[in-house]
Amino acid sequence: MLLADIAQTSARITEASGRNEKVALLAELFGRTGPDEVPVVVTYLAGRLPQRRTGVGWSTLGELPPPAARPTLTIAETDAAFAALARVSGKGAQAARKRQLDALLERATEDEQHFLVRLIGGELRQGALDAFAVEGLAAAIGAEPGEVRRAVMLGGSLGTVAQALLAEGPAALSRFGLEVGRPVLPMLAHTARSVDEALDKLGPCAVEEKLDGIRVQVHKDGDLVRVYTRTLEEITDRLPEAAEAARQADAGRAVLDGEVIALGEDGWPRPFQEVSGRVASRLDVAGASSELPLYPVFFDVLSLDGEDLLEKPSVQRHAALARVLPEERRVRRVPVPDPQDERAREAVRGFAEQVLARGHEGVVVKALDAGYSAGRRGASWLKVKPVHTLDLVVLGAEWGHGRRAGKLSNLHLGARREDGTFAMLGKTFKGLTDALLTWQTARLGELSLEDTAWGVRVSPEQVVEIAFDGVQRSTRYPEGVTLRFARVVRYREDKRPEEADTVETVTAMLR
DNA sequence: GATGGCTGCCC
DNA sequence: ATTCTGC
DNA sequence: GCAGAATGGGCAGCCATC
């Protein structure tokens, strides 16, 4: 098959507006793909390269070489080119990658180049990614989409499942199940504004502390232990503490879900930035580990001694977890069998306050009867974190891309200094509705001091209310602090910049 | 050797 | 990671 | 309710350049 077939289907998917239409286009292409080629084809159309890292991104692309007149590039050749790219390293690597990339792009037509550039940049923007590829695959072989999705979640990659399905048909689906040693995408949580809201939504539930660290999935098969991140990157070698905790679990085989954090000598959790840096360190793990030991804490078990627990209710999985791990290796937890009982609600509020007072991030409320929805943002887990707000001043804005093209989107945010100037604290593009985007494009146009390649610098006059999760240290911004997860709440047309919040207020929130 | 751009991945 | 939007 | 789009900041590691 030619790369042109994929590029053409991708372009049609982009133009199609309806969900069914996109799925039909995918199914049509998969229907004429051979089993050997399908792993690459589905992965490309899901918007990813099969190679986890190639060392080339937006900046490497630079100016494109002149395109080929006619399509000749095959899928196999394209895949081989990226595989070769991923192997390049050492002195001269950047130049070699650029050379190899240009050699590939030269062989591509204009349409294929367009597709490859977006694929490499990780921005296909065709309105269909993994989930649509799964639907298309199911439609191509006449299987239940839910069954295919389940196989993909549990059976490793989309490519592996696609190959088996095209070669053997729907019967292959039964082969894919949870296996110790093969990671599954973790279940994620939705957000609730308050514990009361979460209790009302979920009914009988349990409330757990939410720790601000790195999510880990630990597979134990006797002494053989492997540790994976939220995106299934294997990090066993970087996290000896998590591996050790799993070895000490009272189980022969188990798949555990949890979080690693670091604790200071005072027992307080260390900032997320420190944990993140520690987990990313791989050159001197022993040194990093003695500098900042990690502390793994678990909240779920997906499989135990040969039994798949994914579909068991959460209350049952937790009972299993409590049998194999001691209390200090488990997240703190309060069961709430009757959330309408006012005394129980009061206890939950107290628990949540206590968690925050001990320096943790918030709580997660989990329905007692829910199974583990691997790879999904299940409605049965609701996280609650405190939200802070500040009134800041817009210093500039950047032109948006894709569906925000032509609109000023990403805002530069400033806090007031004592001398009346403003210090940039970070950017945000979140929380803006289409109406607000239109309004701010006009408003910031009026305030523009300078047009630049990226957007506009504006006179610091417009106040905007910003919500955020906390402040963190920064090497990028002038006051050494920045906001975590900043988003727009509303514009404050009633406030003047002299009334905006100060740098001092923000830096005081660092601990 | 120090500095800085880029990628990849954590939240 | 958060939020908005179309289906 | 799901899936996708749009885009944030920090950090380690790799490589290039001064």
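Note that these values count all heavy atoms, side chains included, but never hydrogens, waters or copies made by symmetry. Every chain is numbered from 1 and lettered A, B, ... according to where its sequence line falls, protein lines coming before strand lines.
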Asks: Could I get the full list of ring-ring contact (aromatic ring centres under 6.0 Å, His included) partners for A:W268, not counting sequence neighbours?
Replies: none
Asks: Relative to the ring of A:W381, is the ring of A:F299 parallel (under 30°), tilted (30 to 60°) or perpendicular (over 60°)?
Replies: perpendicular
Asks: Could you write out DNA chain C as dot-bracket? Rules: Watson-Crick or G-U wobble, both distances under 3.5 Å, brackets [ ] for crossings, | for pairs with another strand, dot for unpaired.
Replies: |||||||
Asks: For A:T438 and A:T441, test the side chains for any donor-to-acceptor distance below 3.5 angstrom and give the result as yes or no.
Replies: no
Asks: With the criterion being N/O to N/O and under 3.5 Å, what pairs connect the protein with nucleotides 5-7 of chain C, and how long is each?
Replies:
from: C:dT5; atom 1: OP1; to: A:D434; atom 2: N; distance (Å): 2.9

Asks: Under 3.5 Å, is there a donor on one side chain and an acceptor on the other for A:R490 and A:T389?
Replies: no
Asks: NA contact type, A:A128, heavy-atom cut-off 4.0 Å: base, sugar-phosphate, or nothing?
Replies: sugar-phosphate
Asks: Please report, rounded to the nearest Å, how far the P atom of D:dG4 is from the NZ atom of A:K430.
Replies: 19 Å
Asks: So A:S281, base contact, sugar-phosphate only, or nothing? Heavy-atom distance under 4.0 Å.
Replies: sugar-phosphate
Asks: Are a donor atom and an acceptor atom from the side chains of A:Q462 and A:R443 found within less than 3.5 Å of each other?
Replies: yes
Asks: For C:dT2 and A:H190 - does any side-chain N or O of the residue sit under 4.0 Å from the phosphate oxygens OP1/OP2?
Replies: no
Asks: How would you label the contact of A:A131 with the nucleic acid (heavy atoms, under 4.0 Å): base, sugar-phosphate, or nothing?
Replies: sugar-phosphate
Asks: In residues 140-150 of chain A, what residues come within less than 4.0 Å of DNA chain B, judged by heavy atoms?
Replies: none
Asks: Rounded to the nearest angstrom, tell me the gap between atom CG in A:L436 and atom P in C:dC4.
Replies: 9 Å
Asks: A:K383 near the nucleic acid: base, sugar-phosphate alone, or nothing, with a heavy-atom cut-off under 4.0 Å?
Replies: sugar-phosphate
Asks: Please state whether the phosphate of D:dC11, meaning OP1 or OP2, lies under 4.0 angstrom from any side-chain nitrogen or oxygen of A:Q273.
Replies: yes
Asks: Hey, are the side chains of A:E479 and A:R417 touching, using non-hydrogen atoms and a 4.5 Å cut-off?
Replies: yes
Asks: In whole angstrom, give the distance that lies between atom CG of A:L411 and atom P of C:dT3.
Replies: 15 Å
Asks: Tell me whether the side-chain N/O atoms of A:S59 come closer than 4.0 Å to OP1 or OP2 in B:dC6.
Replies: yes
Asks: Does a sphere of radius 6.0 Å around CD in A:E291 hold more than 12 heavy atoms from other residues, nucleotides or ligands, not counting ones at 6.0 Å or beyond?
Replies: no
Asks: Between A:T236 and A:E234, do the side chains contain an N or O donor and an N or O acceptor separated by less than 3.5 Å?
Replies: yes
Asks: What contact category does A:V275 fall into here, base, sugar-phosphate, or nothing, at under 4.0 angstrom with non-hydrogen atoms?
Replies: nothing
Asks: Look at the side-chain N and O atoms of A:R125 and state whether any lies under 4.0 Å from the OP1 or OP2 oxygen of D:dA6.
Replies: yes
Asks: Restricting to nitrogen or oxygen on both sides, can you table the protein-nucleotides 14-16 of chain D pairs closer than 3.5 Å?
Replies:
from: D:dC15; atom 1: OP1; to: A:G90; atom 2: N; distance (Å): 2.5
from: D:dA16; atom 1: OP1; to: A:G92; atom 2: N; distance (Å): 3.0
from: D:dA16; atom 1: OP1; to: A:A93; atom 2: N; distance (Å): 3.1
from: D:dA16; atom 1: OP1; to: A:Q94; atom 2: N; distance (Å): 3.3
from: D:dA16; atom 1: OP2; to: A:G92; atom 2: N; distance (Å): 3.0

Asks: Counting the atoms with a prime plus P, OP1 and OP2 as sugar-phosphate, which does A:Q126 contact under 4.0 Å by heavy atoms, base, sugar-phosphate, or nothing?
Replies: sugar-phosphate
Asks: Which protein N or O atoms sit under 3.5 Å from an N or O of nucleotides 9-11 of chain B?
Replies:
from: B:dC9; atom 1: OP1; to: A:R52; atom 2: NE; distance (Å): 3.0
from: B:dC10; atom 1: OP1; to: A:T229; atom 2: OG1; distance (Å): 2.5
from: B:dC10; atom 1: OP1; to: A:T231; atom 2: OG1; distance (Å): 3.4
from: B:dC10; atom 1: OP2; to: A:T231; atom 2: OG1; distance (Å): 2.4
from: B:dC11; atom 1: OP1; to: A:R215; atom 2: N; distance (Å): 2.9
from: B:dC11; atom 1: OP2; to: A:R230; atom 2: NE; distance (Å): 3.1

